[in-house]
Amino acid sequence: MPVIAHVSRVVTKVVDRLTGGRVDFPLLVSMACVEALKLYGIESRVMYGPAAWLEVLENHEVIWAGCWGDHFSFWVATQFGEIVDLNTSVACQKRAHSDPALSSIYSPPILWSKEVPAFYRYQPEGIAELELTDTQDQKKYELVLKEVLEKCSNPEIVSQPEEFWEFPNEAIICPGRRILDDSKDSFRHFERTIVVRGIPNAPF
């Protein structure tokens, strides 16, 4: 758990600061997460394929958002069978491909768990490889990776007692169905709406 806290906080903060917002950079986030986990002896891979999650609109309607059909997303799969998606908590900041007019107010928590709740869908199609041809993208990746590796190079993190664990201030689902909410109770509001409105049929 201390590794989850540290890696999720470092990766999200670094990518947000260096890109202006990680919501448009799921591959960069996933690659940085994989490299950070290596420092703690944890094997993981970046997967690609259709991904979907529930979002709550301004009128409290519940819809499926994400990437499917002509689009796909990226996430991390660890050696423990966990799915790691550090972007779902900020997904509501991005307009849907299918209907850009829709505006969401809540999306689900960061996911770091083997047990995946019903408001997520992931369908892996393969292992992603990073091929950056754009100079700006290469520079961005190098800056992110350099800072993430510097901040995740402390092996003592693994043995930190719980009172020192520092998660990002975003809702997150951790192994063992442990759910940590943010300071705005985002997950509580999200979950309450899902319970009232129900889960619509998934797109895949």
Side-chain angles (χ1 to χ4, degrees), residues 1-53 66-67 71-91 94 107-116 120-134 136-160 165-168 170-176 178 180:
M1 197 70 80
V3 171
I4 293 174
H6 190 67
V7 170
S8 63
R9 180 174 58 83
V10 169
V11 171
T12 55
K13 282 182 174 290
V14 170
V15 179
D16 277 344
R17 181 168 49 77
L18 294 178
T19 64
R22 70 184 188 276
V23 68
D24 288 317
F25 300 94
L27 178 55
L28 179 59
V29 170
S30 297
M31 293 298 296
C33 184
V34 166
E35 294 302 319
L37 288 174
K38 283 181 184 177
L39 296 176
Y40 301 106
I42 298 173
E43 294 181 15
S44 61
R45 294 175 173 178
V46 179
M47 310 303 295
Y48 73 89
W53 49 84
C67 302
H71 306 277
F72 57 85
S73 190
F74 302 94
W75 62 92
V76 174
T78 74
Q79 68 182 76
F80 307 114
E82 300 159 329
I83 289 180
V84 180
D85 192 338
L86 302 182
N87 272 24
T88 44
S89 59
V90 295
K94 186 174 184 177
S107 51
I110 285 173
L111 178 64
W112 195 313
S113 177
K114 181 188 293 186
E115 299 170 294
V116 180
Y120 303 93
R121 291 286 189 279
Y122 293 91
Q123 186 174 299
E125 292 188 349
I127 299 169
E129 294 183 6
L130 188 64
E131 293 183 9
L132 298 177
T133 55
D134 182 80
Q136 290 293 332
D137 288 342
Q138 289 174 348
K139 186 176 181 181
K140 200 173 293 179
Y141 175 70
E142 289 169 2
L143 288 172
V144 166
L145 193 60
K146 181 176 183 291
E147 188 169 341
V148 166
L149 293 182
E150 285 176 355
K151 293 183 175 179
C152 290
S153 60
N154 182 2
E156 295 178 2
I157 292 297
V158 177
S159 56
Q160 271 190 339
W165 298 352
E166 186 180 353
F167 288 85
E170 300 177 24
I172 180 170
I173 295 179
C174 298
R178 182 172 182 177
L180 305 176

Participant: Looking at every heavy atom in both A5 and P168, which two are closest together, and how far apart are they?
Facilitator: O-CD, 4.2 Å
Participant: Is there a side-chain contact between T19 and D24 in this structure, where contact means two heavy atoms from C-beta onward sitting under 4.5 Å apart?
Facilitator: no
Participant: So for atom NZ, which belongs to K13, do other residues, nucleotides or ligands contribute more than 12 heavy atoms lying within a distance under 6.0 Å?
Facilitator: no
Participant: For the OG1 atom of T12 and the CZ atom of F167, what is their distance to the nearest 0.5 Å?
Facilitator: 11.5 Å
Participant: Between CG of L180 and CH2 of W112, what distance do you get to the nearest 0.5 Å?
Facilitator: 13.0 Å
Participant: Starting at OH of Y120, measure out to CH2 of W75 and round the result to the nearest 0.5 Å.
Facilitator: 14.0 Å
Participant: Would you please test V148 and E35 for side-chain contact (heavy atoms from CB on, under 4.5 Å) and show each step?
Facilitator: CA-CA 8 Å; V148 166; E35 294 302 319; 5.9 Å; no
Participant: Would you say the side chain of F80 lies within less than 4.5 Å of the side chain of I42, judging by non-hydrogen atoms?
Facilitator: yes
Participant: Decide if atom CD of E156 counts as having more than 12 heavy atoms of other residues, nucleotides or ligands within a radius under 6.0 Å.
Facilitator: no
Participant: Just by modelled atom types, is the I127 backbone N or O under 3.5 Å from a matching donor or acceptor in the R45 side chain?
Facilitator: no
Participant: Enter the distance from W165:CH2 to C174:SG here, rounded to the nearest 0.5 Å.
Facilitator: 9.0 Å
Participant: Look at atom CZ of F72 and say whether more than 12 heavy atoms of other residues, nucleotides or ligands are closer to it than 6.0 Å.
Facilitator: no
Participant: Side-chain contact, heavy-atom cut-off 4.5 Å: V7 with V84?
Facilitator: no
Participant: Rounded to the nearest 0.5 Å, what separates atom CG in D85 from atom CD1 in I110?
Facilitator: 9.0 Å
Participant: What distance separates E150 CD from L145 CG, expressed to the nearest 0.5 Å?
Facilitator: 10.0 Å
Participant: Dump the intermediate steps for side-chain contact (heavy atoms from CB on, under 4.5 Å) on Y122 and L111, then the final yes or no.
Facilitator: CA-CA 11 Å; Y122 293 91; L111 178 64; 3.6 Å; yes
Participant: Applying side-chain contact (heavy atoms from CB on, under 4.5 Å) to V34 and M31, what does each step give before you reach the verdict?
Facilitator: CA-CA 5 Å; V34 166; M31 293 298 296; 5.7 Å; no
Participant: Does the side chain of R178 reach to within under 4.5 Å of the side chain of S113, using non-hydrogen atoms?
Facilitator: no
Participant: For K139, is there an ion pair with E142 - N to carboxylate O distance below 4.0 angstrom?
Facilitator: no
Participant: Identify the two heavy atoms, one from Y40 and one from I157, that lie closest to each other, and give their separation to 0.1 Å.
Facilitator: OH-CG1, 3.9 Å
Participant: side-chain contact (heavy atoms from CB on, under 4.5 Å), that's the test. Do L86 and S8 meet it? Break it down for me.
Facilitator: CA-CA 7 Å; L86 302 182; S8 63; 4.0 Å; yes
Participant: Which pair of heavy atoms, one from C152 and one from L39, lies closest together, and at what distance?
Facilitator: O-CD1, 3.2 Å
Participant: Which heavy atom of H6 sits nearest to which heavy atom of K151, and what is that distance?
Facilitator: NE2-O, 2.6 Å
Participant: So which atom in S44 and which in T78 form the shortest heavy-atom distance, rounded to 0.1 Å?
Facilitator: CB-CA, 3.9 Å
Participant: Do side-chain atoms of S89 reach the backbone of A171 as a donor and acceptor pair under 3.5 angstrom?
Facilitator: no
Participant: So which heavy atom on E82 is nearest to which on P175, and how close?
Facilitator: OE2-CG, 3.4 Å
Participant: Could you check whether E170 pairs with R22 (Lys NZ or Arg NE/NH1/NH2 to Asp/Glu carboxylate O, under 4.0 Å)?
Facilitator: yes
Participant: Just by modelled atom types, is the Q79 backbone N or O under 3.5 Å from a matching donor or acceptor in the E43 side chain?
Facilitator: no
